[in-house]
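Source: prediction; values computed, not measured. Both backbone and side-chain heavy atoms feed into the values below; hydrogens, waters and symmetry mates do not.
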Amino acid sequence: MAAEIIRINPESLHETPGYHHITVAEAGRTAHLAGQCPLDRSGSLVGPGSIEAQVDQVVENALAALAAVEARPQDVVRSVIYVRSDDREDLSTAWSRLTASDLGPAFTSASTLLGVAQLGFPGQLVEVDLTAALPG
């Protein structure tokens with residue numbers, strides 16, 4: 001049985017580009033994924049210098065992590081996206097690529113997009129942190 005997830009955009013808050021201001025999940029089990037990085041199975045950075053290539057690897061890794069706990073992108077109740085940049089165009093590129101991917105439904109829940117000065121691996125440009133409500 002899937003957890004009931006309700007997504008809300010109160011009329012008194014600004015319109016969003018696809019995410020919801022509030023996500024409510026019934027009490028139950030949750031999975032808190034570590035930040036998914038653009039590393040391949042061997043631990044090598046994918047796509048040095050390319051936000052798009054790094055987003056694609058992050059998507060692949062996040063889908064694998066969700067599948068490991070029998071969750072789908074639609075089960076995500078919270079996401080935080082980190083982009084190593086202070087250029088809004090870079091943040092927009094990452095957001096657009098993520099929301100257009102197979103992981104896209106994850107970003108209709110409560111979501112935060114941040115430009116940051118540094119991430120954990122040399123050359124890393126993108127990281128995604130997800131929380132999912134798990135089936136009962």
Side-chain angles (χ1 to χ4, degrees):
M1 178 176 148
E4 181 179 2
I5 299 171
I6 301 167
R7 294 171 177 87
I8 303 167
N9 277 328
E11 289 182 23
S12 60
L13 296 177
H14 66 86
E15 289 189 33
T16 70
Y19 67 89
H20 287 79
H21 286 286
I22 303 164
T23 304
V24 178
E26 66 185 35
R29 296 178 25 194
T30 57
H32 301 265
L33 279 60
Q36 297 301 298
C37 301
L39 304 178
D40 64 18
R41 186 177 175 123
S42 71
S44 297
L45 181 74
V46 171
S50 171
I51 288 175
E52 294 88 346
Q54 291 195 12
V55 164
D56 292 349
Q57 185 65 49
V58 165
V59 166
E60 182 179 327
N61 294 349
L63 289 170
L66 288 170
V69 292
E70 299 180 1
R72 306 163 301 144
Q74 295 86 339
D75 299 321
V76 170
V77 296
R78 177 85 173 120
S79 67
V80 182
I81 302 139
Y82 303 91
V83 181
R84 185 176 182 239
S85 181
D86 63 358
D87 184 335
R88 287 183 196 269
E89 187 62 34
D90 291 340
L91 276 68
S92 178
T93 296
W95 177 258
S96 295
R97 190 133 182 131
L98 285 164
T99 58
S101 75
D102 288 343
L103 188 60
F107 305 105
T108 64
S109 290
S111 191
T112 300
L113 174 64
L114 301 167
V116 298
Q118 192 65 267
L119 290 167
F121 294 95
Q124 181 182 356
L125 302 174
V126 179
E127 186 164 331
V128 173
D129 178 1
L130 302 173
T131 303
L134 298 178

* Please name the residue in the list Thr131, Leu130, Leu33, Thr112 that meets the side chain to side chain contact (heavy atoms under 4.5 Å, CB included) test with Ser79. => Leu130
* **Over 12 non-hydrogen atoms of neighbours within 6.0 angstrom of CG in Asp87** => yes
Roughly how far apart are [X] [atom1] and [Y] [atom2], rounded to 0.5 Å?
| X | Y | atom1 | atom2 | result |
| --- | --- | --- | --- | --- |
| Leu114 | Glu127 | CG | CD | 11.0 Å |
| Glu52 | Gln57 | CD | CD | 14.5 Å |
| Leu66 | Leu134 | CG | CG | 9.0 Å |
| Leu113 | Leu98 | CG | CG | 8.5 Å |
| Leu125 | Ser85 | CG | OG | 8.5 Å |

* Asked: Going hydrophobic residue to hydrophobic residue with side-chain gaps under 4.5 angstrom, can you get from Trp95 over to Val128?
  -> yes
Donor-acceptor pair, side chain of [X] and main chain of [Y], under 3.5 angstrom:
| X | Y | answer |
| --- | --- | --- |
| Gln124 | Leu119 | no |
| Asn61 | Val58 | no |
| Ser92 | Arg88 | no |
| Arg84 | Ala117 | yes |
| Asp102 | Val59 | no |
| Gln74 | Ile5 | no |

Would you check if [X] and [Y] make a side-chain contact, meaning some heavy-atom pair closer than 4.5 Å?
| X | Y | result |
| --- | --- | --- |
| Pro122 | Leu45 | no |
| Arg78 | Thr23 | no |
| Tyr82 | Val80 | yes |
| Glu60 | Gln36 | no |
| Thr16 | Asn9 | yes |

* Structure fact -> Gly123 and Gln54 have their tightest heavy-atom pair at O-NE2, 3.0 Å
Please list, one pair per line, the donor and acceptor atoms closer than 3.5 Å that link side chains of residues 103-110 to other protein atoms, with sequence neighbours excluded.
residue	atom	partner	partner atom	Å
Thr108	OG1	Arg7	NE	3.4
Thr108	OG1	Pro105	O	2.9
Ser109	OG	Arg7	NE	2.8
Ser109	OG	Arg7	NH2	3.0
Ser109	OG	Val76	O	2.6

* Asked: Strictly by modelled atom types, are Ser42 and Asp40 linked by a side-chain donor-acceptor pair under 3.5 Å?
  -> yes
* Begin with the C-alpha distance, continue with both residues' side-chain angles, and end with the deciding distance and a verdict on side-chain contact (heavy atoms from CB on, under 4.5 Å) for Ile51 and Val83. => CA-CA 8 Å; Ile51 288 175; Val83 181; 4.3 Å; yes
* Structure fact -> Joining Ile, Leu, Val, Met, Phe, Trp and Tyr whenever any side-chain heavy atoms lie under 4.5 Å apart, the cluster holding Ile8 also takes in Ile6, Ile22, Val24
* Structure fact -> Sorted by chain and number, sequence neighbours left out, salt bridge (Lys or Arg N to Asp or Glu O under 4.0 Å) with Arg97 holds for Asp56
